[in-house]
Peer 1: 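Mind having a look at this structure? Questions to follow.
To find a chain, count down the sequence lines: A is the first, B the second, and so on, and within it residues start at 1. Excluded from the calculations below are hydrogen atoms, water molecules and symmetry mates; all remaining heavy atoms, backbone and side chain alike, are included.
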Amino acid sequence: MANLPQILTANRLRDGDVVYWRGGTWVTALADAEVFPDDAAAEAMLKAADVFVKGREVVNPYLFDVRIAADGVKPVKEREIIRAAGPTVRVDLGKQSRRYV
Amino acid sequence: MYRYDEFDARFVTERVAQFRYQVERRLSGELTEDEFKPLRLMNGLYLQLHAYMLRIAVPYGTLSARQLRMLAHIARKYDKGYGHFTTRQNIQFNWPKLVDVPDILADLATVEMHALQTSGNCIRNVTADHFAGAAADEIEDPRPIAEIIRQWSSLHPEFSYLPRKFKIAVGGAAHDRAALKFHDVAVEIVKNEAGETGYRVYAGGGMGRTPYVAHVVGDFVATTDILAFLEAVMRVYNQSGRRDNMYKSRIKILVNALGPEEMRRRIEREFAEIRAGGTLEVPAEEIARITDYFAPPAFEALSDVSPEFEATREADVDFRAWSDVNLAAHRAPGYSIVTISLKPIGGVPGDASHEQLDALAELMDKFGIAEIRVSHEQNLVLPHVRKKDLSAIHARLAELGLATPNAGLVTDIIACPGLDYCDLANARAIPIAQRLSERFADLKRQRDIGELKIKISGCINACGHHHAGHIGILGVDKKGVEFYQLQLGGSGAEDASIGEILGPGFGEHEIVDAVERVVDVYLERREGSERFLDTVRRVGLEPFKERAYAAH
């Protein structure tokens, strides 16, 4: 089975917010994240993120698997779905609370 | 309440300044994340799923109104308006910014609070029976010895880098409300045949992936010898506990590898040596000085029968239901212990808003209640309430959404933060608690079911105490999908036991039905006033298993 596409994520050092990689910078919404279709590109970006770790912008960068659906990108794991949105028990909090603002 | 002396105040202030400097060095790049992480953990700061999380210590679960107001202030100013009370009597804030944490710690220090010993491989915040100093069945208030243990453990050089974290609890009554036997070490206040007070010491209990009920390692330790004895336990652990594998490094693994008898023998040997040195003998005057801080309020001479209380019970059905369930017997006539449920039907167990925290502080001031307690069951407790005030207090709690009459019932559910917040979790725990609480919302049915403790963890680390649940639920991840394993027959009380796994896990949409079927079996098979736990112990798992999986 071919490997799934991946997204690069981290937490912002100063406030801990979840961020995603897009074209040389970090964005806060999963929908805006860059999707890497193959392992080589994803691993290269993970390595490139080291500059931002050393530069104290982010901590703990890692890659996670996603599936591309008609309505957008969806993480494979529940953990990343919740991380991208906010607590399912407090939909007024986290990124989901800003979705329609 | 304990008040900081000059040493405590200076120590906490210095630690705030130290952490402020550490954060500055992290932000300037002088410290890498690998260097900074152990430092932030020593100050209770984690990086969780969505953000940082700050865990603040509530020593032995006791808070003043002033401290409660400070927690409300922190929730409002630095967080998202609420805090979460945990199974270790702490409070967690889920959204602080790293850059704000030094200011939060400085604010906490102004009310004699901190976030020390809430993380890392140290002796963690010492917990105690939440009815301490108030319970009718108590031998002695466990908090003075908890405070003495805190002082001994806080800066002890031998205990800063233990093989693993170390949790100590203290209880002062035969009825264990502090889950003593699931702690690394527990101290139970007991009386001997001569009527003298001393300590029974347990070691090697714990939950997590390898649950064990603790063994008695000291039958009757004299009051003045307690630190020497505990130091002996710690030495044996520090010398022989494993450091090569974090899953095998808690003291429970050591106690069970050596066997309780060999553990006792080694402790006795160390104890004899430390005791001979005499340096760890706790002076009786120091015990008396600390005990004075925990002196009960001057109780009024009241009749145990309060006409006001009885009249409201007669007139108000909601008050009657609440007072039937949420009050406990107090040592002083005319007083009650009030459990404030943080488990509203469909709510998040243990969460409290800044408005609720402020309003509770106001309520305490209005009725002259000096202390509030945090329970390991994620509720709050007003320990000393005049029965004649209960009607007014209940009315105010009801306005605040804090008068759910379910203490100890099936909807009084413990749940860890789970995958909604926690970086370690495999599955969500809170939504399962919410659905169960909605399913069993009917009060008549809850009262008919009686005492039933459901405890839910979102991973094997067992912060939700699922091993000790009459019904325990463990969330697991099966190929990216949340599943829930049922365990029956656990208890965190004096009859401590570890629940047994019923069988394969249930899906998110099946688990509530499965629990309901299990409860139905109990209702059909119970004898007399048997609790759920007693029925499980009498009839075994089979009837429950059969029904739980019948429609699976």
Side-chain angles (χ1 to χ4, degrees), chain A residues 1 3-7 9-20 26 28-30 46 49-62 64-67 69 73-99 101, chain B residues 23 25-34 36-37 40 45-54 79-82 84 94-101 346-349 351 415 417-435 458 475 477 479-482 508:
Chain A
M1 197 180 94
N3 287 340
L4 290 166
Q6 292 174 87
I7 282 176
T9 185
N11 290 81
R12 207 154 49 200
L13 172 65
R14 291 180 68 83
D15 61 7
D17 198 7
V18 174
V19 290
Y20 302 97
W26 298 95
T28 55
L30 177 72
L46 179 60
D50 205 38
V51 173
F52 294 85
V53 173
K54 289 203 170 81
R56 292 106 60 201
E57 193 172 334
V58 299
V59 291
N60 195 27
Y62 64 92
F64 64 90
D65 291 343
V66 294
R67 287 199 176 87
V73 170
K74 197 179 174 197
V76 171
K77 291 216 162 199
E78 187 72 28
R79 169 194 157 86
E80 292 303 332
I81 295 171
I82 294 173
R83 195 163 166 270
T88 65
V89 295
R90 287 293 302 265
V91 293
D92 57 325
L93 302 178
K95 295 177 187 300
Q96 60 200 343
S97 67
R98 300 194 289 268
R99 189 168 292 170
V101 173
Chain B
V23 171
R25 290 166 69 209
R26 174 70 188 108
L27 293 171
S28 73
E30 212 177 309
L31 294 175
T32 65
E33 185 62 16
D34 284 348
F36 180 64
K37 187 177 173 184
R40 68 167 159 76
L45 188 64
Y46 290 73
L47 184 57
Q48 290 285 28
L49 204 58
H50 308 291
Y52 291 100
M53 179 272 279
L54 182 65
D79 212 81
K80 292 187 186 288
Y82 69 107
H84 176 75
N94 291 307
W95 307 90
K97 296 178 173 66
L98 173 62
V99 292
D100 287 338
V101 173
V348 177
D351 274 10
L419 194 53
D420 278 299
Y421 291 100
C422 179
D423 195 41
L424 299 173
N426 293 319
R428 288 171 297 160
I430 298 167
I432 304 304
Q434 291 175 307
R435 299 298 86 77
D477 175 319
K479 294 181 182 167
V481 180
E482 294 161 301
E508 178 193 347

Peer 1: Measure the shortest side-chain to side-chain distance between A:Arg90 and B:Asp420 over non-hydrogen atoms and say whether it is less than 4.5 angstrom.
Peer 2: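 No, every pair of side-chain atoms sits at 4.5 Å or beyond.
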Peer 1: Most heavy-atom pairs under 4.5 angstrom with chain B, which of A:Arg12, A:Lys77, A:Glu78, A:Glu80?
Peer 2: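 It is A:Glu78.
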Peer 1: How many angstroms lie between atom CG of B:Leu27 and atom CZ of A:Arg56, to the nearest 0.5 angstrom?
Peer 2: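 Separation between the atoms: 8.0 Å.
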Peer 1: Pick one of side chain, backbone, both or neither for B:Pro417, based on which atoms fall under 4.5 Å of a heavy atom in chain A.
Peer 2: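 The answer is neither part of B:Pro417.
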Peer 1: Please look at B:Thr32 and chain A and tell me whether the side chain, the backbone, both or neither of the residue comes under 4.5 angstrom of a heavy atom of that chain.
Peer 2: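 Looking at B:Thr32, nothing touches chain A.
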Peer 1: Can you tell if the side chain of B:Tyr82 reaches within under 4.5 Å of the side chain of A:Leu93, non-hydrogen atoms only?
Peer 2: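 A side-chain contact exists here, since the closest heavy-atom pair is under 4.5 Å.
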Peer 1: Supply the atom-to-atom distance A:Thr88 OG1 to B:Gln434 CD, rounded to the nearest 0.5 angstrom.
Peer 2: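 If we round to the nearest 0.5 Å, A:Thr88:OG1 and B:Gln434:CD are 7.5 Å apart.
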Peer 1: Taking C-beta and beyond as the side chain, do A:Leu13 and B:Arg26 meet within less than 4.5 Å on heavy atoms?
Peer 2: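 Yes, side chains in contact.
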Peer 1: Less than 4.5 Å to any heavy atom of chain A: does that hold for the side chain of B:Leu49, its backbone, both, or neither?
Peer 2: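 Contact with chain A: backbone and side chain both.
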Peer 1: Sort B:Val348 into side chain, backbone, both or neither according to what part of it lies under 4.5 angstrom from a heavy atom of chain A.
Peer 2: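 Side chain only.
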Peer 1: Give a yes or no on whether the backbone of A:Arg14 and the side-chain of B:Tyr52 come within a donor-acceptor separation of less than 3.5 Å.
Peer 2: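 No, the answer is negative, given that no donor and acceptor are paired below the 3.5 Å cut-off.
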Peer 1: Which answer fits A:Val59, side chain, backbone, both or neither, if we ask what part of it has an atom under 4.5 Å from a heavy atom of chain B?
Peer 2: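 Just the side chain, heavy atoms under 4.5 Å.
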Peer 1: Could you tell me if the side chain of A:Asp17 sits less than 4.5 Å from the side chain of B:Lys97, heavy atoms only?
Peer 2: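 B:Lys97 does not reach A:Asp17 side chain to side chain.
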Peer 1: For the residue pair A:Asp15 and B:Ala51, what are the closest heavy atoms and their distance?
Peer 2: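 Scanning both residues completely, I find the closest heavy atoms to be O-CB, 4.5 Å.
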Peer 1: Between B:Asp477, B:Val101, B:Asp423, which residue shows the highest count of heavy-atom pairs closer than 4.5 Å to chain A?
Peer 2: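 So the answer, after comparing B:Asp477, B:Val101, B:Asp423, is B:Asp423.
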